[in-house]
Amino acid sequence: MLDRVVIDALFPADLPEPAHWEQRYPPRQLPEGAQVTRFGPSPTGFVHIGGVYVASIDRDVAAHSGGVYLVRVEDTDQSREVEGALAQFARAFDYFGIRPDEDEEHGNYGPYHQSARERIYLSYVRELLRHGKAYLCFATKDELADITSRQRAAKIPTGYYGSWAIWRDADPAAVQASLAQGTPYVVRFRAPDTAGNRVRFTDVIRGELEHEANRNDTVILKSSDQTPRLPTYHFAHAVDDHLMRVTLVIRGEEWISSVPLHLQLFDALRFEPVSYAHIAPLMKQIAGGKRKLSKRTDPEAGVDFYIEAGYPAEAVLYYLRGLANGRLAELPLDQALATPIRLDQCGVAGPLVDLVKLEDLSADHIATLPGHQIIAAVRTWAAQFDPELVTVLDAEQDLALRALSVERDGVDNPRKDLRKWSDFRAAYGFFFPQLFVPLSGPTDERLIPLGVDSTVAANFAHDFADGYQHLDDPQEWFNQIRELAAKHGFAPNAKEYKKNPDAYPGSIREASQLIRVALTGSTRSPDLPAIAQALGAPEVLRRLHALAS
């Protein structure tokens with residue numbers, strides 16, 4: 001083992017002892033049973049919806065236990081950092097309302113970026129070196145590759161362990177000689193001699209698990225020729241979770257295999273280990289089965305997909321909570337959002353992300369909202385993704401509210417044509433003169449599906465406009481179409497028209513559809529009399545004249 005003087009010379013002379021950090025970050029004064037959870041985003045790519053899923057569980061568990069939810073940016077792998085990734089995390093936290101109790105902006109246990117905690121890590125690395133629980137390793141990339149190649153040829157587990165760990169028990173003189181030559185080195189954890197042993201631990205979600213004990217002498221501090229000297233994730237996580245006084249780590253199931261190493265690190269550092277809860281990943285249905293939702297191939301894997309489409313945050317969170325605990329999916333949205341998530345009710349099989357179901361839930365939610373709240377939400381979304389719509393909504397607030405009231409206000413089964421805020425233009429854009437494109441006359445291609453002669457269509461629209469009355473009663477309003485259709489020779493119903501199609505220009509259906517297309521640009525729309533009331537008589541006549549011209 002290296003002499004303490006040699007070890008200490010590798011570190012800054014003013015580097016504090018671990019006791020300094022223990023005093024700087026004392027145990028939290030929290031109620032019994034309170035959980036301190038953390039979410040650790042890595043700025044190496046875009047935000048996966050699974051991150052929001054886990055973060056929302058983190059926040060919920062902490063809040064309902066009287067604890068603390070913190071966000072710690074795990075940016076030790078700076079070579080892979082993606083520009084704008086942190087801004088995306090902030091955008092996701094804001095949009096979904098899962099802001100932490102502690103982060104870089106506020107909190108007494110920071111810094112909350114691992115890249116700013118170098119001195120903390122160095123103190124604990126030095127301590128492990130002093131006690132022989134870590135060692136310097138000068139193995140080159142070629143040497144490591146050769147070790148792996150020979151292990152594969154021998155058909156034994158690959159890794160840096162036992163006799164394959166060529167610097168594990170190196171002569172201190174050889175180590176000092178390499179240091180004197182300025183050879184770059186890493187610091188490796190000296191794994192306990194547990195080859196072939198099994199380790200048992202209790203997962204909060206999965207119960208008791210058993211895995212092979214870690215045998216690898218894992219790198220805990222990256223190469224000495226790098227500035228700053230940063231640790232690997234495994235070591236940083238152990239130190240940070242201890243000093244931030246985290247009690248429960250909720251993370252993806254892919255980290256289960258790392259628990260044996262993490263428990264060894266906690267033990268070597270003489271820390272009280274945290275509890276772990278490993279969440280099953282979100283899945284996607286594919287032909288013949290399912291697979292993990294992939295950020296490479298599935299647009300819906302990215303958080304920005306939901307933000308850009310304008311899915312209401314409450315609806316997405318409601319849906320995700322239902323994936324975490326099936327019982328919450330059976331509750332009304334408000335109740336489900338307020339009811340605690342129970343980790344012991346999280347499944348071990350990955351839940352399927354079904355966008356059709358999410359859109360149904362979202363439509364149901366939006367249908368319960370008052371018009372002014374919908375307009376405000378659409379405007380907020382449009383400010384970023386559809387600026388023209390903002391201008392229109394600001395200029396036509398009363399019209400927007402009238403449009404939204406059609407088949408929504410005062411009815412038992414309100415319309416559900418808004419599944420997300422980006423649907424607003426397609427579903428309601430025709431109400432607004434600034435967005436609606438009037439027909440270009442009776443030959444407009446939007447009239448083709450009706451099969452009505454253009455001359456008949458023009459004359460019908462002209463006469464309808466000429467005698468139009470802006471009536472409040474829906475039946476009386478529609479009778480105007482019915483009476484005029486009879487005068488223009490339209491069949492009174494589809495059955496009569498079908499008996500003798502050559503005798504009529506169409507049925508009452510085609511006649512009403514002429515007016516529908518004139519007013520909305522589409523053969524499908526809400527109730528026509530209600531649309532006319534929302535538009536107002538001048539706009540109705542303007543659109544009718546566009547068909548008649």
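Here, residue 1 is the first one in the sequence, and each next residue gets the next number. A quick note: this is a predicted structure, and the numbers were derived from the prediction, not measured.
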Steps toward salt bridge (Lys or Arg N to Asp or Glu O under 4.0 Å) verdict (K416, D360): CA-CA 9 Å; K416 297 178 181 178; D360 287 344; over 6 Å; no
SB check E254 R251 (cutoff 4.0 Å): no
Ring geometry between H237 and Y233 (parallel below 30°, tilted from 30 to 60°, perpendicular above 60°): parallel
Full working for salt bridge (Lys or Arg N to Asp or Glu O under 4.0 Å) between R72 and D103: CA-CA 7 Å; R72 181 179 69 226; D103 61 5; over 6 Å; no
ring-ring contact (aromatic ring centres under 6.0 Å, His included) assessment of W167 paired with F138: CA-CA 7 Å; W167 286 92; F138 299 87; 4.9 Å; yes
Inter- and intrachain pairs under ring-ring contact (aromatic ring centres under 6.0 Å, His included), touching residues 307-328, at least two apart: Y306-Y311
Side-chain donor/acceptor of K420 to backbone N/O of A309, under 3.5 Å: no
Carboxylate-amine/guanidinium contact R190 D217, below 4.0 Å: no
From L320 atom CG to L358 atom CG, the distance as rounded to the nearest 0.5 Å: 8.0 Å
Polar side chain donor-acceptor pair, D225 to Y185, under 3.5 angstrom: no
Within-4.5 Å side-chain heavy-atom neighbours: F305 and L355: yes
Interatomic distance, I279 atom CD1 to L343 atom CG [nearest 0.5 angstrom]: 6.0 Å
Heavy-atom donor-acceptor pair, R229 side chain to L122 backbone, under 3.5 Å: no
Heavy-atom donor-acceptor pair, H113 side chain to S115 backbone, under 3.5 Å: no
Carboxylate-amine/guanidinium proximity below 4.0 Å for K133 and E127: no
Salt-bridge present (E102, R28; N to O < 4.0 Å): yes
Sub-4.5 Å side-chain heavy-atom contact between F235 and V187: no
Exam field: side chain T380 to backbone A376, donor-acceptor pair closer than 3.5 Å: yes
D60/R342 ion pair, N-O < 4.0 Å: no
Pair Q114-D240, side-chain donor/acceptor within less than 3.5 Å: yes
Step-by-step side-chain contact (heavy atoms from CB on, under 4.5 Å) determination, V259 to H278: CA-CA 10 Å; V259 173; H278 291 92; 3.5 Å; yes
Salt-bridge contact R270-E22 (side-chain N to carboxylate O under 4.0 Å): no
Between CZ on residue R321 and CG on residue L337, distance to nearest 0.5 Å: 6.0 Å
Basic-acidic side-chain contact under 4.0 Å: D298, R291: yes
Greater than 12 external heavy atoms within 6.0 Å of D14's CG: yes
Intermediate values then yes/no, salt bridge (Lys or Arg N to Asp or Glu O under 4.0 Å), E272 and R245: CA-CA 10 Å; E272 185 73 23; R245 309 301 172 174; over 6 Å; no
Flag, side chain of E104 to backbone of Y112, donor-acceptor distance under 3.5 Å: yes
CD (E210) with more than 12 external heavy atoms under 6.0 Å: yes
Evaluation steps, side-chain contact (heavy atoms from CB on, under 4.5 Å), between H365 and T368: CA-CA 5 Å; H365 169 58; T368 68; 4.1 Å; yes
Residue pair T202 / E208, side-chain donor-acceptor N/O under 3.5 Å: no
Side chain to side chain, Y53 and L323, heavy atoms closer than 4.5 Å: yes
Short side-chain to backbone donor-acceptor contact, D354 and V356, under 3.5 Å: yes
Single hit among T37, V36, V68 for side-chain contact (heavy atoms from CB on, under 4.5 Å) with D101: V68
F96 six-ring face occupied by R91 cation (under 6.0 Å, within 45°): no
Nearest non-hydrogen partners of L30 and G67, listed with the distance: CD1-CA, 4.5 Å
Distance in Å, R38 CZ paired with L70 CG, rounded so as to fall on 0.5 Å steps: 8.5 Å
Residue D171 excluded, over 12 heavy atoms near CG under 6.0 Å: yes
Distance in Å, I98 CD1 paired with D58 CG, rounded so as to fall on 0.5 Å steps: 9.0 Å
Short side-chain donor-acceptor distance under 3.5 Å, E212 and N197: no
Charged tip of R117 within 45° of Y25 ring normal and under 6.0 Å: yes
CA sep, side-chain torsions, deciding dist, call: E253, K292, salt bridge (Lys or Arg N to Asp or Glu O under 4.0 Å): CA-CA 12 Å; E253 68 175 18; K292 287 184 182 180; 5.1 Å; no
Flag, side chain of R408 to backbone of L369, donor-acceptor distance under 3.5 Å: yes
Shortest non-hydrogen contact between E74 and P43, atoms and distance: O-CD, 3.6 Å
Within 45° cone of Y160 ring axis and under 6.0 Å: R188 NZ or CZ: yes
Polar side-chain atom of R126 near backbone of P16 as donor-acceptor pair, under 3.5 Å: yes
Shortest non-hydrogen contact from N216 toward A191: O-CB, 3.5 Å
Whether S362 side chain and R419 backbone form a donor-acceptor pair below 3.5 Å: yes
Geometric class of the H262/H234 ring pair [parallel <30°, tilted 30-60°, perpendicular >60°]: tilted
Aromatic ring pairing F266/F271, orientation class (parallel under 30°, perpendicular over 60°, tilted between): perpendicular
I49 and E300, any side-chain heavy atoms less than 4.5 Å apart: no
Check: S258 main-chain N/O paired with H211 side-chain donor or acceptor under 3.5 Å: no
From CA spacing to verdict: side-chain contact (heavy atoms from CB on, under 4.5 Å), F201, Y276: CA-CA 9 Å; F201 55 92; Y276 291 103; 5.8 Å; no
Straight-line distance of S294 OG to I286 CD1, nearest 0.5 Å: 11.0 Å
Criterion side-chain contact (heavy atoms from CB on, under 4.5 Å) on L221 and V186, from CA distance to verdict: CA-CA 6 Å; L221 189 66; V186 297; over 6 Å; no
S123 and W21: side chain donor to acceptor below 3.5 Å: yes
L2 versus P172, closest heavy-atom pair with distance: CD2-O, 4.0 Å
